[in-house]
Visitor: 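The structure's right below; bear with me while I get my questions together.
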Amino acid sequence: MLLPEPMSRIVIVGNKQRLDEATDALYSLKMIHLIDHTVGSDEGFSIGAPRPYSEKASERLLSLKAVEKELDINVTKESDEPMSSADVRNEISQNRVESIGKEVFEVLDRRSGIIQKITEESAKRDVYAAIASIPVDLDLYKGYRSIVVLVGSVKADPTAALSGLADSELFVSADKKMIALFVKTSEREEALRILTDYEYTDISVPEGTGPVGDAVAGINSKVAALSAEKEEADKELAALKEKHGDDIIALDEELSFEEMKGTMPLRIATSSHSFVIDAWVPTSKTGAVVSGMNERMDNNIYVEVMEDRSRSLHDVEHAEPRFKETPTKMNNGPFARHFEHPVKLLSSPKYQEIDPTLILSIFFPLFFGFMVGDIGYAIPFIILGAYGLKTAKNKDFRAIAMALFFGGIWTFIFGFFFYGEMFGMHFVGYATDNAETWMSLFGLHFPEWFVNIFPNHGHGISKVEDVTFLLKVSIYIGIIHIMLGYVIGFFNAKMQHGTKEAFFEKGGWIITFVGLVLFAWSMTEVMISGVSFGDMLPFILAAAAMMVAGIAISIKKEGGQAILEVPGLFGNILSYARLTAIGMSKAGMALAFNYISITMIAAGLGGIAGIIVGLLLFSFLHLVIWVLAILSAGLHSLRLQYVEMMSKFFVGGGKEYEPLEIKRKNTKIVETEV
Amino acid sequence: MVDEGTGLLAIGAGLAVGLAGIGAGLGEKDVGAAAVGAITEDMSLFGKCIVLIVLPETIVIFGLVIAFMILFTMS
């Protein structure tokens with residue numbers, strides 16, 4: 001429950017000829033966490049070579065990926081109708097990938113040819129459009145022996161400057177930006193010299209005949225035809241996506257597995273005739289692994305359990321580097337499992353430490369419920385959480401739904417039995433100047449037994465008025481919570497290093513903490529409750545002695561900086577005051593919002609319409625509180641787990657247990673397969 | 001009408017929470033900006049960033065506790 005599952009290290013030895021079968025067997029067992037072989041760790045062994053089929057598989061996968069990219073196919077989606085993997089494999093062997101690739105790339109090539117033509121024609125048209133207002137036919141721009149034609153852009157009309165050139169003719173476009181100058185070949189240099197002042201830039205006029213306008217019209221119709229062709233090609237591609245889309249996803253998945261299996265030898269040790277696989281498996285599954293492998297390989301394989309890894313770090317220190325880290329397989333029940341996600345958000349626990357998931361799954365919803373504590377908000381939380389658990393598939397959403405569901409249940413329990421309120425109003429009690437109760441609002445008379453449910457003479461605890469009491473409760477909860485963190489820390493240290501080390505590592509802190517709590521308690525008794533200092537002196541002295549002893553033990557282990565952590569510990573305890581503070585802020589808002597909307601309804605302004613508006617306002621304002629409750633209560637509750645409690649013991653940084661397995665989304669295994 | 005002393009105490013309580021809130025806000029502003037940057041680079045840092053972002057928040061709680069202590073002296 002609290003500890004990750006115990007792990008054993010096994011070694012599997014077999015004949016290299018049967019590596020493919022062994023690979024299939026390993027994948028089908030779904031329990032083997034492979035330990036990557038490192039070069040030189042075993043004499044006579046080297047890293048294996050990829051299987052021959054994997055090269056072909058990667059080649060096919062690559063071309064499939066190209067097709068996916070071009071057709072914009074999302075392979076991560078889950079298929080509604082998975083195909084049988086035998087069919088998919090059959091299709092692969094019949095060169096289905098190649099035929100799809102050929103079909104798709106034929107259309108793609110055609111399409112890119114069309115696009116290129118469109119670009120070329122458009123560029124031609126741009127030039128024609130620029131010189132369109134020059135009344136010269138296209139065939140007149142070329143084919144002279146003694147005349148040169150200068151066509152280009154200018155920044156201003158050069159007519160006056162060029163008037164000195166003998167036997168020349170200048171055409172200027174309507175917008176004065178383009179010119180076409182016909183001069184004798186001998187005058188070319190002179191003309192260019194003059195045009196330099198006008199920032200003349202030469203352009204070449206594409207070949208053509210007839211008036212420019214006609215040429216532009218011709219190009220336009222050509223481009224239109226090409227665009228139609230392109231659209232046709234796009235349609236073809238869409239049709240191909242429709243036709244092959246599901247197959248491509250399935251092929252992708254199957255090929256990925258093939259490649260994965262084919263490259264597995266790169267992770268294991270091989271000699272010329274045999275292979276050796278080191279792996280972690282859960283200790284409880286070693287028997288199943290041994291018999292499973294033997295059964296699948298007709299006893300032609302050797303599997304031995306090398307060690308059952310203990311939680312002691314002593315074992316780790318003496319292990320070979322590649323065997324030092326043991327993967328963590330979190331071991332939680334069906335409910336607590338959903339809270340693994342928030343723990344992993346911070347970090348995966350190490351194999352040698354207590355998994356905080358269970359503690360989190362208890363305290364996170366509990367704190368949430370304590371802070372919100374209102375039936376009116378609890379019921380929507382429970383409904384939303386249950387709905388989320390029923391429909392959501394995404395891990396994140398499931399975790400949120402779980403938190404909402406259990407948070408909602410605790411909110412209900414606290415809201416009813418502790419605070420006795422709904423939508424910020426108590427059930428029982430008389431109305432005050434600014435706060436109604438459900439009893440006063442509807443003139444209800446609750447039976448005796450119902451009233452007796454609620455604490456505080458049947459009123460329930462008020463989040464706004466009984467602040468002192470709630471603060472005390474919060475601080476006590478905090479003390480228990482932090483203490484729990486230290487105790488877990490103690491057990492972690494005991495497991496990793498032994499009792500003596502644990503005493504120095506966490507025992508010192510536990511003593512300091514108890515001393516600090518005693519000290520704070522006796523000081524509040526003196527300063528706030530008014531108990532005389534003399535009466536409290538024995539407690540204060542005892543507290544001081546514990547703190548000094550505790551810090552001394554911690555200093556021995558951690559050095560002088562241990563002293564600096566003591567004020568932080570005090571801060572940790574005070575931090576739980578937020579349990580009250582958040583609840584109070586919610587209640588304060590609810591009080592104000594109820595005052596606004598109920599006054600509005602009671603005043604009867606605008607008759608029925610006024611009542612409706614008042615009710616709408618009531619619903620909307622409470623929705624605001626409800627949404628804020630998720631954010632603030634959720635985050636603060638999580639923070640108390642992460643910062644105040646888990647920092648007392650949690651190290652994290654563990655490696656997750658990832659067994660070799662094939663997670664099929666889009667294909668499925670048919671019954672006859674191994 | 002409350003007397004001047006009580007009024008001053010109430011103002012003090014307000015200042016304790018308000019100023020502590022501003023301080024925590026300033027602290028969280030910098031951490032939050034850096035954390036968002038880090039998360040964009042690597043999503044797996046989310047949990048650690050949350051822890052860092054909320055650290056300055058405790059300051060507000062200190063302010064709140066002081067405010068309560070002032071309010072208790074009032075009543």
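In what follows, chains are A, B, ... by sequence order, proteins preceding strands, each numbered from 1.
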Visitor: Flag the pair A:Met402 / A:Ser361 as yes when at least one side-chain heavy-atom distance between them is below 4.5 Å, and no otherwise.
Guide: no
Visitor: Could you report the tightest heavy-atom contact between B:Val31 and B:Pro56, atom names first, then the distance?
Guide: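 Scanning both residues completely, I find the closest heavy atoms to be CG2-CG, 4.4 Å.
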Visitor: Report yes or no: does A:Lys506 contribute a side-chain atom to a donor-acceptor pair with the main-chain N or O of A:Lys648 at less than 3.5 Å?
Guide: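 A pair under 3.5 Å: yes.
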Visitor: So which residues of residues 17-29 of chain B are in contact with chain A at a heavy-atom cut-off of under 4.5 Å?
Guide: none
Visitor: Which bit of A:Thr468 is near chain B, if near means a heavy-atom gap under 4.5 Å: side chain, backbone, both or neither?
Guide: both
Visitor: Should we say atom CD of A:Glu558 is surrounded by more than 12 heavy atoms from elsewhere, each under 6.0 Å from it?
Guide: yes
Visitor: State, to 0.1 Å, how close A:Leu638 and A:Phe364 come at their nearest heavy-atom pair, and which atoms those are.
Guide: N-CE1, 3.6 Å
Visitor: Which bit of B:Val65 is near chain A, if near means a heavy-atom gap under 4.5 Å: side chain, backbone, both or neither?
Guide: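 For B:Val65, the contact with chain A is made by the side chain alone.
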Visitor: Can you pull out the residues in residues 516-525 of chain A with any heavy atom less than 4.5 Å from chain B?
Guide: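 Counting heavy atoms that sit under 4.5 Å from chain B, no residue of residues 516-525 of chain A is involved.
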Visitor: Give, as side chain, backbone, both or neither, the part of B:Leu55 having an atom under 4.5 angstrom from any heavy atom of chain A.
Guide: both
Visitor: Only counting residues at least two apart or in another chain, list the ones meeting ring pair (Phe, Tyr, Trp, His ring centres under 6.0 Å) with A:His481.
Guide: A:Phe363, A:Phe367, A:Tyr576
Visitor: Test A:Ser575 against A:Asn572 for side-chain hydrogen bond (donor to acceptor under 3.5 Å, both in side chains), laying out the working first.
Guide: CA-CA 5 Å; A:Ser575 188; A:Asn572 282 164; 6.0 Å; no
Visitor: Check whether any side-chain heavy atom of B:Cys49 lies under 4.5 Å from a side-chain heavy atom of B:Ile39, and answer yes or no.
Guide: yes
Visitor: Which is it for A:Ile573 and A:Phe513 under the side chain to side chain contact (heavy atoms under 4.5 Å, CB included) test, yes or no, and what are the steps along the way?
Guide: CA-CA 10 Å; A:Ile573 303 176; A:Phe513 184 69; 3.7 Å; yes
Visitor: Please identify each residue that fulfils side chain to side chain contact (heavy atoms under 4.5 Å, CB included) with A:Val467, with sequence neighbours left out.
Guide: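 So A:Val467 forms a side chain to side chain contact (heavy atoms under 4.5 Å, CB included) with A:Leu471, A:Thr580, A:Met584, B:Phe68.
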Visitor: Which bit of B:Thr58 is near chain A, if near means a heavy-atom gap under 4.5 Å: side chain, backbone, both or neither?
Guide: both
Visitor: Identify whether the distance between the nearest side-chain nitrogen and carboxylate oxygen of A:Glu644 and A:Arg639 falls below 4.0 Å.
Guide: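 Looking at A:Glu644 and A:Arg639, the cut-off is met.
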